[in-house]
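Notes for the one structure printed next.
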Amino acid sequence: GAVRQTFFVNRGGWDHHNNVLTSQEEMLPEVDAALAAFWAALGVLGLRDQVTLFTASDFGRTLTSNGRGSDHAWGGNQFVLGGSVAA
């Protein structure tokens with residue numbers, strides 16, 4: 001009966017100072033599969049226009065390499081997914 005519900009999912013391990021490409025190659029398919037399953041379930045339930053999913057992070061990454069990874073910075077890439085999200 002809630003008007004608005006919030007669910008929080010935390011997936012740590014993204015602090016890639018080293019081996020950034022290898023680490024992301026291993027982790028991004030997990031995120032992709034989870035989002036695909038979530039989106040499919042929302043479709044089955046007819047809720048895609050009522051749900052907004054977004055990512056958030058407490059830090060970003062530099063665009064320059066520190067050798068095999070990157071260092072902390074002030075910004076980061078995020079995304080928003082939902083049937084009511086305007087492009």
For Leu21, does the CG atom have more than 12 heavy-atom neighbours from other residues, nucleotides or ligands under 6.0 Å away? no
Using only atom types and a distance under 3.5 Å, with no angle test, would you say the side chain of Ser84 pairs donor to acceptor with the backbone of Asp49? yes
Is Val85 reachable from Phe54 through a run of hydrophobic residues whose side-chain heavy atoms are each under 4.5 Å from the next? yes
Donor-acceptor pair, side chain of Arg48 and main chain of Trp39, under 3.5 angstrom: yes
Heavy-atom side-chain contact between Val31 and Leu35 under 4.5 Å: yes
Backbone N or O of Gln78 within a donor-acceptor pair of the Thr55 side chain at under 3.5 Å? no
Between Leu81 and Thr52, is there a side-chain heavy-atom distance shorter than 4.5 Å? no
Which atom pair, heavy atoms only, marks the closest approach of Met27 to Gly13? SD-O, 3.4 Å
Got Phe38 and Val51 here, is their nearest side-chain heavy-atom distance under 4.5 Å? yes
Would Leu42 end up clustered with Val9 when hydrophobic side chains under 4.5 Å apart are linked, directly or stepwise? no
Looking at every heavy atom in both Leu28 and Trp14, which two are closest together, and how far apart are they? CD2-CH2, 3.7 Å
